[in-house]
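Hydrogens, waters and symmetry mates are skipped; everything else that's a heavy atom, side chains included, is used.
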Amino acid sequence: MSDVTTTDIAGASEVRDWITLLKPRVLTLVVYTGIIGLLVAPGAMHPVLAITAILCITVAAGAAGAMNMWYDRDIDSVMRRTIKRPIPTGRISADAALTYGVLLAVGSVVLMALATNWLAAGVLAFSIFFYVVIYTMWLKRRTPQNIVIGGAAGAFPPLIGWVAVTGSIEPLPLVLFAIIFMWTPPHFWALSLWAHQDYERAGVPMLPVTHGARETRKQVVIYTVLLVPLTLAPWLMGFNTWVYGVVAALLGANFLRHAWLTWRDEQDEAGVSLTKDMPAKRCFKYSISYLFLLFGALALDRLLLA
């Protein structure tokens with residue numbers, strides 16, 4: 001069956017539908033961590049060029065989101081969380097969404113190259129490729145480790161921000177990349193614990209579907225335990241002061257508490273939560289605040305105290 005025509009789409013879609021294709025909720029963290037990477041990078045950058053770099057990161061991430069929705073339109077149409085997206089409802093055609101995503105992706109990479117440097121543009125282009133091809137097309141439907149490996153897609157923004165300023169890849173931005181990479185599994189698996197039925201219905205092999213809720217809770221704890229010491233690296237490397245180290249440790253201790261409560265959630269013999277996964281929901285919500293506060297502390301400490 002062919003997609004609806006461009007004329008139909010023009011009449012059925014609204015501006016907010018095109019914005020929805022960009023996954024604006026996801027963009028918030030992407031833009032924020034990209035800004036932090038740019039702010040803490042050594043060297044000066046003209047404000048106009050800095051704003052342009054952040055715009056490129058934003059548009060590129062949105063383009064990747066649009067192409068993700070184009071490819072995942074079949075499973076989006078059967079998942080409760082995504083069934084009202086513009087493509088499953090027919091407000092935007094799949095072809096239009098793909099064209100939209102590709103044009104935004106190309107435009108963002110070219111503009112980044114012209115405004116900053118070719119290395120930043122190259123990393124930006126690779127981040128789009130990683131999310132669309134490696135995660136969406138290859139990993140997501142094939143392995144329960146999709147989020148572990150695919151988490152790299154969301155870890156690029158601080159690295160891109162840093163490279164836009166410096167034109168080089170150094171240890172500190174790689175640490176920031178690693179922090180987000182390690183943060184992604186406990187963040188997403190906490191969500192998947194109470195959204196697993198959607199993934200099961202769509203045939204996506206998320207960890208709760210393939211290995212059960214009990215194993216997923218254990219993995220949330222394991223990855224949180226691995227994450228917290230890593231967040232101290234900027235201080236141990238001498239990039240930040242002890243103030244950041246204390247804040248990171250306190251934030252990490254609270255994340256560990258949420259992960260532990262998720263692990264200890266009341267459950268039946270099969271590992272099914274008897275509390276409607278309330279600890280996992282709290283863990284998921286805290287994980288978002290955690291990353292915002294952690295990167296905020298890193299930037300404030302670096303800019304005001306270091």
Which pair of non-hydrogen atoms, one from V30 and one from I57, has the smallest distance, and what is that distance? CG1-CG2, 4.0 Å
State, with a plain yes or no, whether a side-chain heavy atom of S192 is found less than 4.5 Å away from one of P208. yes
If hydrophobic clusters are built by linking Ile, Leu, Val, Met, Phe, Trp and Tyr wherever their side-chain heavy atoms come under 4.5 Å apart, do W260 and F255 end up in the same one? no
Any donor-acceptor pair under 3.5 Å linking the side chain of T136 with the backbone of V133? no
Nearest heavy-atom contact between I75 and V204 is CD1-CG2, 3.8 Å
T216 side-chain N/O to G212 backbone N/O, donor-acceptor pair under 3.5 Å: yes
Is it the case that the side chain of R142 and the backbone of W138 share a donor-acceptor pair, with hydrogens and angles ignored and the cut-off at 3.5 Å? yes
Before accepting this row, confirm whether a basic side-chain N of the pair R85/D72 lies closer than 4.0 Å to the acidic partner's carboxylate O. no
Student check: side-chain heavy atoms of R81 and Y199 closer than 4.5 Å: yes
Kindly indicate whether the side chain of D301, heavy atoms from C-beta on, has any atom under 4.5 Å from the side chain of W235. no
Ring center gap for F292 and Y32 short of 6.0 angstrom: yes
Search all heavy atoms of A164 against all heavy atoms of N117 and return the closest pair with its distance. O-ND2, 3.4 Å
May I ask you to check whether R141 and Y71 show a side-chain donor-acceptor distance below 3.5 Å? no
Heavy-atom distance under 4.5 Å between the side chains of P42 and T166, does that happen here? yes
Of all heavy-atom pairs between P279 and T262, which one has the smallest distance, and what is that distance? O-OG1, 3.3 Å
Any sub-3.5 Å donor-acceptor pair from D268's side-chain atoms to V272's backbone N or O? yes
If only atom types and distance count, is the side chain of T82 paired as donor or acceptor with the main-chain N or O of D76 below 3.5 Å? yes
Linking I/L/V/M/F/W/Y whenever their side-chain heavy atoms sit closer than 4.5 Å, directly or via other members, would F130 and M137 fall into one cluster? yes
Among M278, R217, K281, whose side-chain contact (heavy atoms from CB on, under 4.5 Å) with S273 holds? R217
Distance from Q145 atom CD to L139 atom CG, nearest 0.5 Å? 10.0 Å
Point-to-point distance, once rounded to the nearest 0.5 Å, from OG1 of T58 to CD1 of I51: 11.5 Å
Less than 4.5 Å apart, any side-chain heavy atom of W189 and any of V148? yes
Establish, yes or no, whether a centroid distance under 6.0 Å links the rings of W183 and Y223. no
Quick one: does T116's side chain have a donor or acceptor within less than 3.5 Å of a partner on A113's backbone? no
For R257, does the CZ atom have more than 12 heavy-atom neighbours from other residues, nucleotides or ligands under 6.0 Å away? yes
Please report whether the ring centroid of F156 lies less than 6.0 Å from that of F126. yes
Any side-chain to backbone donor/acceptor pair from N146 onto K140? Under 3.5 Å, distance only. yes
Within the supplied structure, the quantity of interest is the number of heavy atoms (other residues, nucleotides, ligands) at a distance under 6.0 Å from R201 CZ; does it exceed 12? yes
Are V102 and V132 grouped together when hydrophobic residues (ILVMFWY) are joined by side-chain heavy atoms under 4.5 angstrom apart? yes
Would L227 and Y290 count as a side chain to side chain contact (heavy atoms under 4.5 Å, CB included) here? Give the steps. CA-CA 12 Å; L227 167 67; Y290 169 83; 3.8 Å; yes
If I take atom OG1 from residue T99 and atom CH2 from residue W70, how far apart are they, to the nearest 0.5 angstrom? 10.0 Å
Under the side-chain hydrogen bond (donor to acceptor under 3.5 Å, both in side chains) criterion, do E170 and S168 qualify, and how do the steps go? CA-CA 6 Å; E170 300 168 43; S168 62; 2.8 Å; yes
Is L291 reachable from L172 through a run of hydrophobic residues whose side-chain heavy atoms are each under 4.5 Å from the next? yes
For a side chain to side chain contact (heavy atoms under 4.5 Å, CB included) check, start with the C-alpha distance between T210 and L207, then their side-chain angles and the critical distance, and finish with the verdict. CA-CA 5 Å; T210 60; L207 195 62; 4.3 Å; yes
Donor-acceptor pair, R302 side chain versus F239 backbone, under 3.5 Å? yes
Could you tell me how the ring of F284 sits relative to the ring of W194: parallel (under 30°), tilted (30 to 60°) or perpendicular (over 60°)? perpendicular
Please name the pair of heavy atoms, one in A121 and one in V109, separated by the smallest distance, quoted to 0.1 Å. CB-O, 3.5 Å
Which word best sums up how the rings of Y100 and W18 line up, parallel for under 30°, tilted for 30 to 60°, or perpendicular for over 60°? perpendicular
Can you find a pair of side-chain heavy atoms, one from P173 and one from V163, that are under 4.5 Å apart? no
Between M237 and V175, is a side chain to side chain contact (heavy atoms under 4.5 Å, CB included) present by the stated rule, with each step listed? CA-CA 10 Å; M237 293 167 64; V175 169; 3.7 Å; yes
Once rounded to the nearest 0.5 Å, what's the spacing between atom CG of L191 and atom SG of C283? 11.0 Å
When rounded to the nearest 0.5 angstrom, what distance separates CG in L21 from CZ in R91? 9.0 Å
Smallest heavy-atom separation, I180 atom then G154 atom, equals CG2-O, 3.5 Å
Are any of the side-chain heavy atoms of D17 and T89 separated by less than 4.5 Å? no
Walk me through whether L251 and V247 qualify under side chain to side chain contact (heavy atoms under 4.5 Å, CB included). CA-CA 6 Å; L251 290 172; V247 173; 3.8 Å; yes
Output the distance between atom OG1 (T52) and atom CE (M45), rounded to the nearest 0.5 Å. 7.5 Å
Hey, any chance I179 and L236 share a hydrophobic cluster, counting ILVMFWY side chains that come within less than 4.5 Å of each other, even indirectly? yes
With a 4.5 Å cut-off on side-chain heavy atoms, are I134 and F129 touching? yes
